[in-house]
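What follows is one structure encoded as C-alpha cells, with my remarks underneath.
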Amino acid sequence: MKHLLGTNDLNRKQIEAILEGAQYWAERPKEQSDLLHGRFIANLFFEASTRTRFSFEVAEKRLGAHVLNFSEINSSATKGETIYDTLRTLESMGVETAVIRTGHNGLLKELVMQENLNMNLVNAGEGTREHPTQCLLDMLTMKQQFGGLNGLKVAIIGDLRHSRVCSSHMHALPKMGAEVMIAGPATFMCEKDSIPKEVHMVEMDEAITSADVVMMLRVQLERHAGMLFPSREDYHQQYGLTLERASKMKKNAIIMHPAPFNRGVEIDGKLVESKQSVIFPQVANGVAVRMAVLERVMTGEMIGGANKWEPSLEMAN
Ligand code: CP
C-alpha cells in the first residue's frame, strides 16, 4: 500500500521515475487505458479547486477507474462526521484511493498513521506546506523546456508564506540539482526555519534577471488575515511580473504560474499567454503527472516508468 503525501518524502530517483512515467502520458494526450478498470477512486476536496480537481478526474477516467466526487456540503461532514470516518465509510464500499485537498497541514500524515485505514491517500494540496502533484507537473514542464533540471535557476516570487506550491518546490527542486531563489515582500516571506539551506532569498531584480524559470505565485487573498499590501496596483508595481520586468528576463527564460492567476496583480495579463509563458502547458501536464501518480500508488508500477520506487520509501505504510 502506497500514498503520495508530499515531495518532502520523495528522493531524486523517485521523482525522476514519476516524471518519466508522466512524460509517457504527456506524449499521448488522447490515449485511454484500462489499467484501473473497475476500481474506485474518490476525490475529496475540502477547499476550492479547478485544475487539480478536474485533472485528477480526467486522469482517473483515462485510466479506466470509476470516479466518485465527494461534495462536503451534501455529505455527512455537515453533521460532524470526521474525515477519518468518511474514509472508513468509503473504504467499506470498496473505494481504494482517496485524493484529498484540505486546509489542514499534516492531515494526510495523521490519516496514514491510522492502522484501520487501508486506502491509498494522494495529496491534492494540503494547507500551506504541500502540493506534490503541482510541484511534479511544474518539474515535468521545466524538464520538457530545458531537457533537465540539474543546474536550472528557478526564481519563485510572490506570496511565499501562504504557498504550498513554493514549500513543495523548496523540498524537491534542490534534490534535482536546481538552484532555487525566492523573492517577495517581507510580509509574504516564509518562516525562516521553513527555508531549506539550499534556497536563497534574493531581491526582485536578481530573481528576474538571473532565472531560467520565473515562477510567479498567486497572492492568496483568502488566506490573509487582513489587507497585507496597500493595493493591487501597488503590489503589481512592486512585486508583480510587469511587462517592463519581463523584458529584463533572460532570452530563453520561461514564465510559470501554478494558477489561478490574478491578472494585473502578480502578473500582467498580457504575459499569461505570451510566448515565454508555459502556464497552459503546465495545466496539460497536470493530467499526465496525476495519471503516473495514480498508476504508481494503485498498481506499484507505471506503464511509462522504467524505474521502480524504492521499498524503503517513507510513504510506504
Ligand atoms: N494550481 C492549483 O492547485 O489550482 P486549483 O486550486 O484550481 O486546483
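The analysis underlying the following values was restricted to heavy atoms, covering all of them including side chains, and did not include hydrogens, waters or symmetry mates. We count ligands from 1, going down the list as the structure has it; atoms in each ligand are counted the same way.
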Quiz item: Measuring from the heavy atoms of Ala259, does anything fall under 4.0 Å of ligand 1?
Solution: yes
Exercise. Run the numbers for me: atoms of ligand 1, each under 4.0 Å from some heavy atom of Thr52, listed by number.
Key: 2 (C), 3 (O), 4 (O), 5 (P), 8 (O)
Exercise. Just jot down the ligand 1 atoms closer than 4.0 angstrom to any heavy atom of Pro258, in number order.
Key: 1 (N)
Quiz item: Using the ring of each side chain (for Trp, its six-membered ring), is Phe280 parallel, tilted or perpendicular to Phe261, with breaks at 30° and 60°?
Solution: perpendicular
Exercise. Can you sort out which atoms of ligand 1 are near His131, meaning under 4.0 Å from one of its heavy atoms?
Key: 2 (C), 3 (O)
Self-check item: Side chains of Asn11 and Lys175 in contact at under 4.5 Å (non-hydrogen atoms)
Solution: no
Quiz item: Do you know the tightest heavy-atom contact between Ala124 and Thr52?
Solution: O-CG2, 3.7 Å
Quiz item: Which atoms of ligand 1 have any heavy atom of Thr50 under 4.0 Å away?
Solution: 5 (P), 7 (O), 8 (O)
Exercise. State plainly whether the residues Asp212 and Lys250 are in salt-bridge range, i.e. N to O under 4.0 Å.
Key: yes
Quiz item: Between Arg53, Glu47, Arg101, Arg51, which one has a non-hydrogen atom sitting closest to atom 6 (O) of ligand 1?
Solution: Arg101
Quiz prompt | Ionic contact status for Lys109 with Asp9, cut-off 4.0 Å | solution = yes
